[in-house]
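Scroll down for the structure; my scribbles are underneath it.
Values below: every heavy atom of this structure, side chains too, minus hydrogens, waters and symmetry copies.
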Amino acid sequence: AFHNFQPNSLLHQGREQALLSRQRTEKEVQRQVASSSSSPDFNPNGDYIVGEAINSVTNAARDTIVNAVRDEPDSDEMRIALKQQQVQQRTKSYTVTLPLASLSIIEGKSQVLAMGMSLCQVNKGREFEGIELDLDSLEFLKTDAVQSKEGVERLDEASLSRRISGEFQGLLVSAVTKEGAAWAAGIRPGDIFRSSSATVGGQRWPKSSLEGVRSAIQSRKATSSSIQFELQRVGEAVDNQYELTLTRPIGLELKETADGYVEVTGFTENAPTLVQYAVKVGDRVLAVDSSLGDRMWPVSTVEGVISAVTSRLPGQQITFRFERPATLESSISDEPITIQSKKVVTKGPPAVDQEELLKRCREVIKRYTVAGEPTKEKFVNKYSVPGMVADKVVDALASAGARVDAVTLSMIMTAYLSCQQAQKAIDVFQAVVGLHANGSDVEALSFIKGKNDMTMEPNVDALDIYTASALLRSHAMKGDLSSVRRVLAALSGRDDSIIDGLKVGTWPGTGPDGSLKPNTRCYNIAISALADSTTENSLDLAMQIFDTMTEPGRKSEVAPPKSLVTYNAMILALTNNGRYEEAINLFYKMKRGGVTPDKISYTALVKAIVAMSDGDVEEFFYDMKEQGVVPDTILFNTVIKSLCDQKKIVAAKKIVSQMESTGVAPDSMTYGLLMKGLLETGNPS
């Protein structure tokens with residue numbers, strides 16, 4: 001590059017002039033020095049004069065070059081700015097000025113020209129908050145209550161995935177009236193709302209909430225008759241975007257395109273199978289995730305991609321966001337990828353390494369496994385990230401026609417259940433195992449389709465105790481008690497039973513001679529689901545399952561032994577249903593069977609003890625002390641609530657004193673329960 005470099009004409013001329021000037025001046029100085037040294041008036045300080053002359057020449061040359069360079073644009077800065085501009089131009093932003101209170105004359109009558117648009121709030125995961133803001137009335141309306149009107153175009157939520165990514169969080173235009181000012185200005189449903197005018201002046205401020213927009217319009221009305229909005233229209237090419245989480249070596253060959261993209265040109269010999277299968281030549285790298293945090297950073301240079309990859313520790317994962325251009329999508333054939341040297345050719349059927357694909361899928365799910373309350377709050381409660389990841393994994397497995405194993409299926413179902421998405425867990429079980437998920441002998445006909453209508457290959461070996469217990473949890477979460485009982489019966493090999501009109505299915509590996517038998521956890525899930533239900537006879541059904549279990553310490557081939565969790569579930573269910581004496585008897589039966597009660601056991605028993613002991617709970621706390629159980633604020637509050645419900649205020653006040661004496665500090669709920677009890681018994685003082 002240096003050999004072929006053609007200097008900027010201005011810089012070249014400046015440097016040439018400076019060099020010629022310096023050469024001429026140096027010759028004059030040399031002549032002056034020569035004549036001075038031969039002259040009888042020779043000055044012994046001539047060296048100083050020569051030095052001064054050379055310095056002046058050097059400074060003059062330097063100034064000439066600096067001035068020339070100062071006027072020359074920095075080519076690196078220009079290149080970076082151009083790339084940034086190209087990235088920004090992938091989505092189009094525009095500004096409009098709309099009236100706040102202008103009048104128009106229509107058929108001789110004056111009326112206010114309305115903006116005619118509404119906004120909605122969207123959270124990550126394309127989750128709508130269900131509230132819209134009408135920019136004319138500034139009223140908040142429930143989306144479900146908004147009726148379709150003639151002449152109003154609304155946002156089609158089904159097309160949302162084609163407009164925004166799952167990471168988008170902000171405001172969208174939800175509706176536009178075709179006769180309003182917004183429609184005339186070119187605003188359409190689905191456009192992203194970015195900013196609005198300040199109260200005074202022409203400056204705009206970013207907006208990210210409906211309340212912020214409402215406040216901005218209200219304050220602007222006091223100072224102006226119009227307001228300016230900045231919006232962004234995103235094309236529908238988002239449908240062609242996908243993400244891959246990889247570790248080094250990445251195995252991609254890249255180049256920069258003239259329109260500001262980083263394009264895949266081929267694959268290296270050590271490219272992972274997942275890359276070879278999922279990525280196509282011509283796909284673009286749009287963004288790379290941050291090494292710290294979960295943000296995706298746009299990239300427009302190969303150097304940026306290399307920097308992101310090389311900054312990771314060995315074995316550390318990195319997520320890429322790719323885009324497949326529509327022209328490439330339509331031109332790709334169904335023929336697979338094979339590697340020759342370092343380039344990719346398209347010949348022969350795709351060879352997907354099933355084990356490698358399953359391993360990668362497990363790694364992706366594990367990356368988003370909930371590992372504590374802060375993580376759960378961020379990834380599960382707010383964004384349902386594990387469920388979104390499971391969706392991507394299931395789609396990839398279906399598109400590959402994979403035969404999913406038990407471990408991968410269990411992880412997928414657990415991810416769905418962590419986000420309360422029980423039906424998805426049930427659907428993927430049925431698609432993978434090939435048995436009807438409700439435990440009946442009805443043929444399973446539902447499939448999960450991937451790309452090119454591919455489906456996962458059924459694998460009955462994916463049925464094990466972990467996937468079965470996950471299925472029981474799914475039905476319990478939905479409150480489908482019939483399916484809970486039927487699945488438990490199928491696991492127990494009772495295929496001759498009929499539950500709620502459906503015959504129990506025959507599941508391989510079950511029965512007396514089978515290796516697959518329901519464990520205590522499976523029974524506990526069924527008992528808890530029935531015990532928590534308010535349907536008729538559900539508690540009696542829970543007791544029936546409880547009675548079929550083996551007593552603690554004994555072995556049986558028929559049913560697993562009862563555990564502390566089993567007893568706690570039944571004690572709580574009996575107490576909540578007012579069967580206090582049965583709850584107390586079961587508690588002492590548990591102790592006689594060698595099962596030591598815990599804090600949950602005593603908390604479940606409190607209501608029964610208070611109802612049956614006429615307010616005397618001293619023996620209750622003494623028994624706890626003997627078992628080594630230390631009461632906490634929650635248990636004390638449960639006792640106080642039960643006493644107040646029974647109008648036993650004196651006993652409740654004693655418990656508060658007992659709390660303080662045992663070093664357990666009463667909290668606001670403690671005093672709130674006591675105050676409520678005093679008010680209800682007519683003792684407000």
Side-chain angles (χ1 to χ4, degrees), residues 125-127 157-158 161 166 354 357-358 361-362 364-365 368-370 380 383-491 499-500 502 504-508 516 522 525-526 529:
R126 302 186 181 96
E127 176 186 351
E157 293 186 19
S161 62
Q354 295 275 346
L357 179 60
L358 293 174
C361 289
R362 290 193 293 268
V364 170
I365 296 175
Y368 295 96
T369 299
V370 178
V380 178
Y383 305 133
S384 297
V385 169
M388 293 165 58
V389 172
D391 285 340
K392 297 292 186 183
V393 167
V394 170
D395 181 66
L397 292 171
S399 300
R403 194 168 186 264
V404 182
D405 60 6
V407 176
T408 308
L409 174 60
S410 177
M411 293 179 71
I412 293 172
M413 295 179 72
T414 301
Y416 280 134
L417 291 173
S418 70
C419 301
Q420 306 295 308
Q421 297 175 357
Q423 187 58 52
K424 288 186 176 181
I426 293 170
D427 292 342
V428 76
F429 174 89
Q430 185 163 301
V432 169
V433 178
L435 299 172
H436 206 294
N438 67 3
S440 71
D441 63 349
V442 178
E443 184 180 0
L445 297 176
S446 61
F447 302 98
I448 297 176
K449 290 187 177 181
K451 295 179 178 65
N452 301 322
D453 288 335
M454 294 284 287
T455 60
M456 288 176 281
E457 180 185 345
N459 178 22
V460 76
D461 292 337
L463 174 65
D464 66 2
I465 197 62
Y466 299 103
T467 55
S469 61
L471 180 62
L472 283 167
R473 287 175 57 203
S474 304
H475 288 308
M477 188 177 290
K478 289 189 64 182
D480 186 353
L481 304 182
S482 298
S483 293
V484 169
R485 294 168 55 208
R486 214 177 288 114
V487 169
L488 186 64
L491 289 171
I499 298 177
D500 290 344
L502 290 177
V504 174
T506 302
W507 283 13
L516 179 60
C522 293
I525 293 170

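Taking the side chain to side chain donor-acceptor pair (under 3.5 Å) definition, one finds that Ser410 meets it with nothing, sequence neighbours left out. Contacts of Lys449 classified as side chain to side chain donor-acceptor pair (under 3.5 Å), with partners at least two apart in sequence or in another chain: none. With sequence neighbours excluded, the residues satisfying salt bridge (Lys or Arg N to Asp or Glu O under 4.0 Å) with Asp395 are Lys451. Every residue two or more places apart in sequence or in another chain that forms a side chain to side chain contact (heavy atoms under 4.5 Å, CB included) with Ala431 is listed here: Ile448, Met456. Residues meeting the side chain to side chain contact (heavy atoms under 4.5 Å, CB included) test with Ala415, sequence neighbours left out: Ile365, Pro386, Ala390. Under the rule for a side chain to side chain donor-acceptor pair (under 3.5 Å), the partners of Asn459 that lie at least two apart in sequence or sit in another chain are Arg403. Remark: Asp480 pairs with Ser483 by the side chain to side chain donor-acceptor pair (under 3.5 Å) rule, at least two apart or across chains. Looking at residues two or more places apart in sequence or on another chain, you find a side chain to side chain contact (heavy atoms under 4.5 Å, CB included) between Thr506 and Asp495. The side chain to side chain contact (heavy atoms under 4.5 Å, CB included) search around Asp441 returns Lys503, not counting sequence neighbours.
Among the candidates Leu516, Val433, Val487, the single residue satisfying the side chain to side chain contact (heavy atoms under 4.5 Å, CB included) test with Trp507 is Val487.
Between Ser482 and Ile499 the shortest heavy-atom distance is O-CG2, 4.1 Å. Smallest separation of non-hydrogen atoms from Leu463 and Pro508: CD2-O, 4.2 Å. Of all non-hydrogen atoms in Met454 and Ala398, the two that sit nearest each other are CB-O, 3.1 Å. Closest heavy-atom contact between Leu472 and Val484: CD2-O, 3.5 Å. A pairwise comparison of heavy atoms in Ala400 and Gln354 identifies O-NE2, 4.1 Å as the closest pair. Here the closest heavy-atom approach between residue Ala490 and residue Gly439 is recorded as CB-O, 4.1 Å.
Here the CZ-CG distance, from Arg362 to Leu409, works out to 11.5 Å after rounding to the nearest 0.5 Å. Annotation: the span from Ser474 atom OG to Leu417 atom CG amounts to 4.0 Å, rounded to 0.5 Å. Going from atom SG of Cys361 over to atom CG of Asp405 covers 10.0 Å, rounded to the nearest 0.5 Å. With rounding to the nearest 0.5 angstrom, the CD atom of Gln421 is 10.0 Å from the CE atom of Met477.
Between the side chain of Arg486 and the backbone N or O of Asn438 there is at least one donor-acceptor pair closer than 3.5 Å. Between the side chain of His475 and the main chain of Ala437, a donor-acceptor pair closer than 3.5 Å is present.
The salt bridge (charged side-chain N to carboxylate O under 4.0 Å, His left out) contacts involving residues 421-432 comprise Asp391-Lys424, where partners must be two or more places apart or lie in separate chains. For residues 464-473, the set of pairs meeting the side-chain hydrogen bond (donor to acceptor under 3.5 Å, both in side chains) definition, not counting sequence neighbours, comprises Asp464-Thr467.
Residues Ile426 and Lys478 have side chains in contact (heavy-atom distance under 4.5 Å, counting atoms from C-beta outward).
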### Task
Please report the C-alpha distance between Arg485 and Asp500 in whole Å, then the side-chain angles of each, then the deciding distance to 0.1 Å, and finally whether the side-chain contact (heavy atoms from CB on, under 4.5 Å) criterion is met.
CA-CA 10 Å; Arg485 294 168 55 208; Asp500 290 344; 4.1 Å; yes
